[in-house]
Amino acid sequence: MTFRYTMIGAAIFIFIFYFVLLASLLFSASLKGFWESLLHPSTLFSIRLSLIAATIATLLAVAIGLPSAYALSRFEFRGKRIVDTFLEIPIIMSPIALGASFLVFFNTPIGETIQRKGIFFVFEFPGILLAQFATIAGLATRLMKASLDEISPRYEAVARSLGSSSWQAFYRVTLPLSFRGLLASVILSWAKAAGEFGATVTLAGAMPGKTETMPVAIFTALASANIEKAIVLILILVFLGLVALYAVRFTGKIYRYD
Amino acid sequence: MTFRYTMIGAAIFIFIFYFVLLASLLFSASLKGFWESLLHPSTLFSIRLSLIAATIATLLAVAIGLPSAYALSRFEFRGKRIVDTFLEIPIIMSPIALGASFLVFFNTPIGETIQRKGIFFVFEFPGILLAQFATIAGLATRLMKASLDEISPRYEAVARSLGSSSWQAFYRVTLPLSFRGLLASVILSWAKAAGEFGATVTLAGAMPGKTETMPVAIFTALASANIEKAIVLILILVFLGLVALYAVRFTGKIYRYD
Amino acid sequence: SSTRKLLLFAGVASKPPTEEAIQDFRRKTGISVEVVFGGSGFVLSQMKLTKRGDIYFPASSDFMEMAKREGLVFTESERRVAYLIPSINVQKGNPRGIHSLKDLTREGIRIAIANPEMVAIGLYAVEIVEKNFTPAEKERFRRNIVNYTESFEKTVNALSFRAVDTVIGWKVFQYWDPERIESIDLRPEEIPRIGYISIAISRFTKDKPSAQRFVDFLLSPQGKSAFRKYQYMMEIEEARRFTKPDTPVGGEYVLPKEWKTR
Amino acid sequence: MIKIEGLTILLGSFHLKDFRIEIAEGEFHFLLGPTGSGKTLILESIIGLHKPKKGKIWIGEKEVQTLPPEQREISYVPQDLALFPHLSVKENILYGIRAKNHSLKTYEEYVGSLVQVMKVEHLLERYPANLSGGEKKRVALLRALAPKPKLLLLDEPLSGLDPSIKFEIQQLLKTLHTSFHPTVLCVSHDFEEAYLLGDKMTIFIDGKVEQVGKRDDVFLKPRSKYVAYFLGLKNLYRGKVLTKEDMDRRWILGINGLRFSVPASAWEGQAEIGKEMDLYIRPEEVMILREGKSVKESLKRNIFEGEILDITNRGRHHTVLFQTIEGRIPFEISIPNYAFRNLDLSVGKSVKVALRDESLWVME
Amino acid sequence: MIKIEGLTILLGSFHLKDFRIEIAEGEFHFLLGPTGSGKTLILESIIGLHKPKKGKIWIGEKEVQTLPPEQREISYVPQDLALFPHLSVKENILYGIRAKNHSLKTYEEYVGSLVQVMKVEHLLERYPANLSGGEKKRVALLRALAPKPKLLLLDEPLSGLDPSIKFEIQQLLKTLHTSFHPTVLCVSHDFEEAYLLGDKMTIFIDGKVEQVGKRDDVFLKPRSKYVAYFLGLKNLYRGKVLTKEDMDRRWILGINGLRFSVPASAWEGQAEIGKEMDLYIRPEEVMILREGKSVKESLKRNIFEGEILDITNRGRHHTVLFQTIEGRIPFEISIPNYAFRNLDLSVGKSVKVALRDESLWVME
Ligand SMILES: Nc1ncnc2c1ncn2[C@@H]1O[C@H](COP(=O)(O)OP(=O)(O)OP(=O)(O)O)[C@@H](O)[C@H]1O
Ligand SMILES: Nc1ncnc2c1ncn2[C@@H]1O[C@H](COP(=O)(O)OP(=O)(O)OP(=O)(O)O)[C@@H](O)[C@H]1O
Ligand SMILES: [Mg+2]
Ligand SMILES: [Mg+2]
């Protein structure tokens, strides 16, 4: 069975690779510094800011991504392939480039008008949301589409033949059926939003007490040579992420489909 | 049909969102500066470095990710779920945290030994590979697993019953059948590696002419307040990414499966 | 306006004293200052792209030169805030036994310097090397360089993470991470220049008087005390103790061609 | 009840042109066609899930092709049933009534009797994942019938089932139809199923309606070779009308030099002498003659001598492959086991067979 | 040829204990069981794709359970065929010979004759995507047979096919087996299929082997109610042995006050008086008596008077639901169409029926 062991061995290797990375973080953190850094007001602020921003950004991404995912999963329409391709823009685009593009955009006449007449994004809280939204919208849509793809369209077909409108069929049938998968997508997107750095720091800036999310705080801690704090912040971020991942695993499927 | 239009509308919105971002970059670039920056030796170096590094990192990720993906797709083994969970570590971990973790790791006794006795990663070319590998290994494995999942295990079953060993069944049947899907996964991973910034800059540094990949060059351009150059570099990076995405779309399936 | 607010673009390296000074300033004047930290050049890009901000406070003098050149700040508003002395920085306990500039040319020493084309301390390092090394020593030194960092705080990181054995940096580094870094002083004749950090008012300011008040505050004894706490040298006389009496402050040094990467 | 005209579906490489069908109130109509012939697409067009290229659809007096599915009052049981896994059996059943905001009160009695007929009382609180295959089918049918649809569409309700469950569902569908008389359009590729359950059927091959009619009209009188082939009929031969006799009440069909006397009633149209036609010999109506036994006058017209080539025991009956000596025409004969035991047949044996008039059918 | 003992499969909630089977060289053996009973898992265990918990498997003289699949010399045709889409038909067929590094030369003649029997000469250069359903099956069978496996495993080769294709493949499998005598283990849930093709069969319900035997032994003499139910047999009644007669050559079975005279050969074991047994009446062997016509002596033992409750035309025959006046026992009778026409039956009519000895079978 060397074939089997080779293949599984590779999988175990990847696991060990990431595991060692996490372990070395733990190994390097000092307990004393940990509590000190954790309970520091600026750390608490960053944690709160990250949680709030990631949550709102995720909600926005779901609000726009769920219908998009539905459209991509169920309908044929002109330009579907292009839309689908564009969902990968945030993957191929370096986050810093993404953030810079926003700065450039807000420097164009349209962008300026938006900021003047509407909401200020640059160096403001909405900027964090925008950066995180841009980073996760594609991913969230993709993941939710995959969840919806798993639900046979026949359920909706039957619901509609029984008198439900397309909206009702969507929220009475498709939504509950794909709920677990959607939830997992949302949690993963949330974790990614919470870890977003490049676009956030470029668009919203690293402003302590204002736009300094966890990853940005890691950056400033590193940049001001505060390694203990950086490690603690990384650990907190990874912890949050792992909790999120665990939550994803936990959301196994309830229903067996036939 | 307002349901349909709402859903499709959301999808179109996401498209426009990313499209406007790209358009504003184009709008802001000056043609003269473009050629100048593009043909500058340091830009050409960064492009070459990015292409080489991303390619090697992708090859490494495939070398380890393909067997892992196979194991995750076909075998049951203890700890499979944990391995699967760890593939998402790079998603939940901020790239900057990932890079910093490597710095921390190479600061531990094990890490130091590796560097002293073996290869130096920090601020060196292998560091780029390591950073990019760590960023894409999880994604590449996930994507390749999805491609393999699409190929019914019955093909292998039949091949083995006809006398092929498991290795032969893998490369004579599973590999050609999933080739297109694997290729698409590889290209997407490559694009992500090419766009990797946070981990690379933290681990491998930003040494012009040595470890300055495209995204790092974008950052240094921004960090040296050279915005024109940054925009041009972003455009080049996005162009490379779009070519890769187009290549992904182009690798449609050849075979209809029954 | 009623609630006056200033936007400050600041180099992240001087984050702790800057934050303290801002607090003191608000307590004193009621004007709050929002600050975008980052690499000095990176925040300059942000200022340029967003056409916002009242004050620019880079952690490295060269970006101030660039800002002045590009007309992003009022040239006449520039004030020097603190003075910096270059030194050799090594890992705590000096495991590689580096005691002098010459030791940097030893085989196998891993050196980082800041990018001399972007960051002032990088340029200073080059000048130190050019001035004190023979061509052969210079060659060995250059072989030992493993990284140009894009900002000088990254040089500190490199040392903190023990990614390199030594960096040519500011003497003040040792106070930022005293558990991991110590400084080896250069001999006074080896120091070509005294570095400094300065502050200036941005062209994009909408409230120049308040901005001016902040600059003035920073230069007042109260403002300076915040920086002193972090061992910055706030008067030229303090710096002169480590140099020859005629060592210039700032000024131009043209990067020799061989050091150019782009 | 339902009428479709000019239905045209174009989807990728699939083309269906000008499909038409008409189903009377209370009829159990089967739409039969080979796999991939577009049956499901036709159902989906009727429901409104697929937008056909062209075509008109009436349900009752109403033209419905512009209505959304939820207003067409058609219930649908897809092949995979698609019971809502997150709802209990009861909630599944009541889904349609609730979706239409109708009062449960008015449906109580009707649904109650349905529940009884379908024997699902004891399942009401369970979830679909905990039902057996047959139970699932019953619940799906019940869910479709509960909101009293004007039309019930079934997509291959009997395929892929174990034989015992299949039998149970067949019985149930029969009972259901006799008790509640819903108008049903049922799709299948299995003629036997359609024969057992359907009043009428539409046979539909290669995008063309080949035959519409009562089940016996189709079974006993297939209109074309394609239909015959689809029904799995054997013993088809190309022949030519040689003469007519018995005051044109019979034709003589020549095949390989043999003369078959076919009643003119076996063909609806007029057949001139010289016309080429297909003859179909129904295996279960061929009689193998016992030696020495007398033969009825009416059977004497079509007596052939030949040899037995093969005998297959099919459990409930035997199939004998017979070949005429003259003309070497092989045909299959199906005989009941008790008759087979009496006949003492063996491969290679020479026997005479007589063709009953009921065994003969011609097609153009 | 192949022998399996003590095969135990535990997989999630699925349990199979101590399964055993034995198949002789050249036998066409059917493994019959309801959906989800574990048939595919058994096949996979034999091939070596699934590692069973316990059990020994011999192929020929060799114990194979520790060998990897490629060394077991078993070919496999899965339900979905799994023709390699990236290989032409020819390459598909030669895959096995190539995989074993055998010389193509030595197989040329054999494969050539297979290609001819299977009628795929004209398809060799095509790719699987361009084949019809029936063609695909043929190629898959050919691919499995080409490397001369010791054993051929078929997973539901006939299910999900259009009736006409099904018929074609049935014929082909028959031809194949008579021409090349491969040892075949075929899995199915359809008894009729097994009856038509199989030499022997193993019936396997709820994790238990219920009956093993020749096809007629199973069909005519089901060993238990479960088997009978699985075979889709109707007319099962619980009765009690009342007396014996005719020198113990016949028993009298009492059901609802009626007395059935059953030949002792209808049960292999000894039955004491008072024992409860199931009686099965085979519908196609029941005779409806024509008024006034004389009855053979042997039939006189089991004549019952009753009423016709229902008549169903099943196309190739009619089913009559008959109920005895005394005891009110309902049973189905199946009669050929020509007999039905002569009998002039109608619902409600009183008739007498006679049970041939062949129609009676008892089970414990
Ligand atoms: N969404 C689609 N896009 C393209 N072609 C399709 C689509 N849906 C169905 N088809 C094609 O249309 C044809 C008819 O499909 P349909 O499902 O209606 O057949 P069917 O008669 O129901 O077959 P079956 O008996 O297998 O259910 C098939 O050839 C199928 O491949
Ligand atoms: N990998 C698996 N893990 C858990 N349970 C399984 C697995 N594979 C099969 N089973 C279960 O084992 C049982 C037997 O499966 P199997 O596929 O052998 O049945 P089968 O008799 O071939 O049915 P069918 O006629 O539907 O093909 C089923 O209940 C199935 O759900
Ligand atoms: Mg269909
Ligand atoms: Mg199976």
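All values reported here derive from a predicted model rather than from experimental measurement. Letters A, B, ... mirror the listed sequences (proteins, then strands); counts begin at 1. Just the heavy atoms: all of them, side chains too, but no hydrogens, waters or symmetry mates, feed the values below.
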CD1/A/I82: more than 12 non-hydrogen atoms of other groups inside 6.0 Å: no
C/M47 CE to A/F123 CZ distance, which is reported to the nearest 0.5 Å: 10.0 Å
Minimum heavy-atom distance between C/G38 and A/F219, given as atom pair plus value: CA-CE2, 4.3 Å
Taking every non-hydrogen atom, the tightest pair across C/V12 and A/T220: CG2-CG2, 3.8 Å
Heavy-atom proximity to chain C below 4.5 Å, by part of A/Q115: neither
Atom CD1 of A/I110 with >12 non-hydrogen neighbours under 6.0 angstrom: no
Chain A contact via C/L7 - side chain, backbone, both or neither, heavy atoms under 4.5 Å: side chain
More than 12 heavy atoms from other groups under 6.0 Å of CZ on A/F19: no
Top contributor to chain A interface from C/R180, C/K154, C/K15, C/E19 [non-hydrogen pairs under 4.5 Å]: C/R180
Greatest number of heavy atom pairs closer than 4.5 Å to chain A - which of C/W176, C/F9, C/F173: C/F9
Spacing of CG belonging to A/L103 relative to NZ belonging to C/K48, to within rounding of 0.5 Å: 12.5 Å
Under 4.5 Å from a heavy atom of chain C, the part of A/I231 involved: neither
C/R52 versus A/V122, closest heavy-atom pair with distance: NH1-O, 2.9 Å
Chain C interface, residue from A/L222, A/T211, A/V104 that has the most non-hydrogen pairs under 4.5 Å: A/L222
Winner by heavy-atom pair count (cut-off under 4.5 Å) against chain A, out of C/V35, C/V156, C/D177: C/V35
Exceeds 12 heavy-atom contacts within 6.0 angstrom, atom CZ of A/F239: no
C/F42 versus chain A, the contacting section by heavy-atom distance below 4.5 Å: side chain
Whether over 12 other heavy atoms sit under 6.0 Å from A/F27 CZ: no
Shortest non-hydrogen separation from A/T202 to C/Q46 and the atoms involved: O-NE2, 2.8 Å
